[in-house]
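Comments concern the structure below.
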Amino acid sequence: MHAVTDVRLSRHARVWILVLALVLLGGGATAYTLRAASGRQAGAAGTPVAGFTLDGGRPGALHVRDTATGRVARLDPSASGGRVAGGPACDRFHAAGPTALCLVRRPGVPARSYVLVLDDRLRETRRIALPGIPSRARVSASGRMLAWTMFATGDSYARSSFSTRTSILDLRTGYLVKNIEQIPLTLGGRRYHAPDVNYWGVSFAADDNRFYATVSTGGRTHLVEGDMANWSARTLRENVECPSLSPDGTRLAFKKRVSEGPREPWRLYVYDLRSGREHPVAERRGIDDQALWTDPGTLAYGYGGAVWSVPADGTGEPRRLANGASSPAVPR
C-alpha cells in the first residue's frame, strides 16, 4: 500500500514539474514576443506615410512634431487643421538639406532610444541605439553633420542634478563621436579637465567644421566654439545655453538664465559674435528650447505645447504658429 502511494506521489510530482516547465517556457516566449513587437513598433515609428517627403511642400515650409500623433507634420494653411501629419513618429526632430534626424525613445527601463538618420524622402538610412532620453537634435545646413543630446540621468535642464551625452555624426565619413566630452576643452585660456563636464545643444557653422554648444561645469554654463578638424573646443563666455547660429553665421540665439528658481529660469536672447553685444527678444516667458532661425530675422521655438515665433532683433511680439506642436524645422 505504501509503495503504491509513493508511485502516485511521484507521478503527481512529474505532472507538476511538466506544468511548471510549460509555464516558464510560455512566459519566456511571451517576453520574447513582446520584445520583438517592441522592436517592430520602434521600426514602424520611422516609417512615413507614402508621399510625405521633406520637399513635398512649398520650399521653406515649417515642419513640426504633431503632439496628437507624434508624427512629423508640415504646416499647410490649405490642409485640414492647417497641417499635413504624415512624417515619421519622433520624440525630437530636425532636418536640413537632404537629411532628417529623428530621435525615438524606446519603451522600458532603463531609458533607451534610437537615433534614426533619414534621407529627403524620410527613408531610414542609419539607426543607432543609445541609452538615455532624447533632448536636442540638430542637422547642419548642408545635411552632412548631425548632433543630438540625450539625458543620461535626469530629464530637465532646470534641475541641479542631471547628466547629458552629446554625439556628433559625420555622414560623409561615417565617423561617429558618441560623446563629445572626449574633445579637449580650453576654459579661460587653459586646458580644462573635470568629471562634471556636460555638453548639449550643438549648432553647426556653414563650413560643417565649426560648431557652437553649451558646456556645463562647476555649476556654470559656457558658450563653446568647437573645431572638428583640430579636435578642440574653447569657451567664449558664460551663461549661454542651447545656442543656435543664424543663417549668416553672425549671431547666436540662446537661452540665458535670469533666475535661479526652477520656474521659467531662462529668457531668449540674441548674441552678436562680432560686437559681443546681446539683447533679449520680445518673448518674455521662460523658453526651454533650442530656438530655430526660420529666416535671417525670425526665431521659432516650442513653449506650452505650441510652436511660436518672434523677431530676432528684439522688436514685435511673440506669434503662435501651431498648437499641439514642438521641434520646429525648416528643411532647406
Side-chain angles (χ1 to χ4, degrees), residues 130 132 135-138 140 145-170 175-246 249-262 265-280 287-291:
L130 291 173
S135 173
R136 303 286 184 240
R138 268 302 185 268
S140 69
M145 303 297 292
L146 281 66
W148 57 86
T149 299
M150 301 283 187
F151 278 116
T153 60
D155 60 358
S156 172
Y157 296 105
R159 297 182 180 181
S160 58
S161 58
F162 68 87
S163 175
T164 60
R165 183 178 291 105
T166 294
S167 308
I168 291 179
L169 172 64
D170 184 338
Y175 185 64
L176 170 65
V177 182
K178 287 190 175 180
N179 193 342
I180 62 173
E181 291 173 19
Q182 305 168 15
I183 296 178
L185 174 64
T186 298
L187 191 155
R190 296 183 178 181
R191 180 75 172 88
Y192 184 79
H193 302 270
D196 68 342
V197 168
N198 279 298
Y199 282 87
W200 66 86
V202 171
S203 183
F204 294 101
D207 61 7
D208 282 337
N209 176 60
R210 288 181 303 114
F211 66 88
Y212 296 91
T214 301
V215 68
S216 171
T217 184
R220 297 182 177 182
T221 59
H222 305 263
L223 172 65
V224 164
E225 182 182 44
D227 187 316
M228 293 294 293
N230 291 320
W231 196 240
S232 64
R234 64 188 181 101
T235 60
L236 300 181
R237 55 172 295 171
E238 282 191 31
N239 198 9
V240 172
E241 298 185 49
C242 297
S244 180
L245 188 63
S246 62
T250 64
R251 294 157 293 160
L252 287 168
F254 69 98
K255 289 164 37 184
K256 179 177 181 177
R257 184 174 286 273
V258 295
S259 169
E260 292 302 320
W266 301 285
R267 283 283 304 277
L268 193 57
Y269 273 68
V270 171
Y271 171 62
D272 189 298
L273 289 165
R274 294 170 179 169
S275 68
R277 296 175 181 174
E278 66 176 37
H279 65 263
I287 304 303
D288 182 12
D289 197 12
Q290 186 172 14

Item to check | Criterion side chain to side chain contact (heavy atoms under 4.5 Å, CB included) on W231 and I183, from CA distance to verdict | outcome: CA-CA 6 Å; W231 196 240; I183 296 178; 3.6 Å; yes
Checklist entry - Which is it for R257 and D288 under the salt bridge (charged side-chain N to carboxylate O under 4.0 Å, His left out) test, yes or no, and what are the steps along the way? => result CA-CA 10 Å; R257 184 174 286 273; D288 182 12; over 6 Å; no
Item to check | side chain to side chain contact (heavy atoms under 4.5 Å, CB included) between R138 and S244, intermediate numbers included | outcome: CA-CA 10 Å; R138 268 302 185 268; S244 180; 3.8 Å; yes
Next on the checklist: If you apply the rule side chain to side chain contact (heavy atoms under 4.5 Å, CB included), what do you find for L176 with K178, and how did you get there?
Outcome noted: CA-CA 6 Å; L176 170 65; K178 287 190 175 180; 3.8 Å; yes
Next on the checklist: Go through it in stages, so that I can follow the logic: the residues are L223 and L252, the test is side chain to side chain contact (heavy atoms under 4.5 Å, CB included), and I'd like the CA-CA distance, side-chain angles, deciding distance and then a yes or no.
Outcome noted: CA-CA 10 Å; L223 172 65; L252 287 168; 3.6 Å; yes
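Counting only heavy atoms from C-beta outward, the side chains of S135 and M150 never approach each other to under 4.5 Å. A heavy-atom distance below 4.5 Å is found between the side chains of V215 and V197. In this structure the side chain of T164 reaches within 4.5 angstrom of the side chain of F151, judged on heavy atoms. Counting heavy atoms from C-beta outward, L187 and H222 have side chains that approach closer than 4.5 Å. Contact annotation: the side chain of L169 approaches that of W148 to within less than 4.5 Å [non-hydrogen atoms, C-beta and beyond].
With respect to the salt-bridge test (charged N to carboxylate O, under 4.0 angstrom), the residues E278 and R237 qualify. K256 has no carboxylate O lying under 4.0 Å from a charged side-chain N of E241, or vice versa, which leaves the two without a salt bridge. Electrostatic pairing of R220 and D196 does not count as a salt bridge here, judged by no charged N lying under 4.0 Å from a carboxylate O.
Under a 3.5 Å cut-off, the side chain of N179 and the backbone N or O of E181 do form a donor-acceptor pair. Judged by distance alone, the side chain of D227 and the main-chain N or O of R210 form no donor-acceptor pair under 3.5 Å. A donor-acceptor distance shorter than 3.5 angstrom exists from the side chain of Q290 to the backbone of V202, with no hydrogens or angles considered.
For the residue pair A147 and I168, the shortest heavy atom distance occurs at CB-CG1, 4.1 Å. Of all the heavy atoms in W266 and V258, the pair that sits closest is C-CG2, 4.2 Å. Closest approach of A205 to L245, counting heavy atoms only: CA-CD2, 3.6 Å. Nearest heavy-atom pair, R234 versus L236, reported as atom, atom and distance to 0.1 Å: NH1-CD2, 3.4 Å. Summarising the geometry of D289 relative to C242, their closest heavy-atom pair is O-CB, 4.1 Å, with the distance given to 0.1 Å. Heavy atoms only, all atoms of each residue included: R251 and V270 are closest at CB-CG1, 4.0 Å.
Rounded to the nearest 0.5 angstrom, S203 OG and M145 CE are separated by 12.5 Å. In this structure, M228 CE and Y175 OH are separated by 7.5 Å, a value rounded to the nearest 0.5 Å. Atom CZ of R190 and atom OH of Y192 lie 12.5 Å apart (nearest 0.5 Å).
Below 30°, between 30° and 60°, or above 60°: for F211 and F204 the angle between ring planes is above 60°, a perpendicular geometry.
Side chains of T149 and T166: a donor-acceptor N/O pair is present below 3.5 angstrom, by distance only. Side-chain contact check for S216 and N198: no donor-acceptor pair (N or O, by modelled atom type) lies under 3.5 Å.
For the pairing with L185, the side chain to side chain contact (heavy atoms under 4.5 Å, CB included) check across T217, I180, T235 returns one residue only, T235.
Within 6.0 Å of CZ on R191 lie more than 12 heavy atoms contributed by other residues, nucleotides or ligands.
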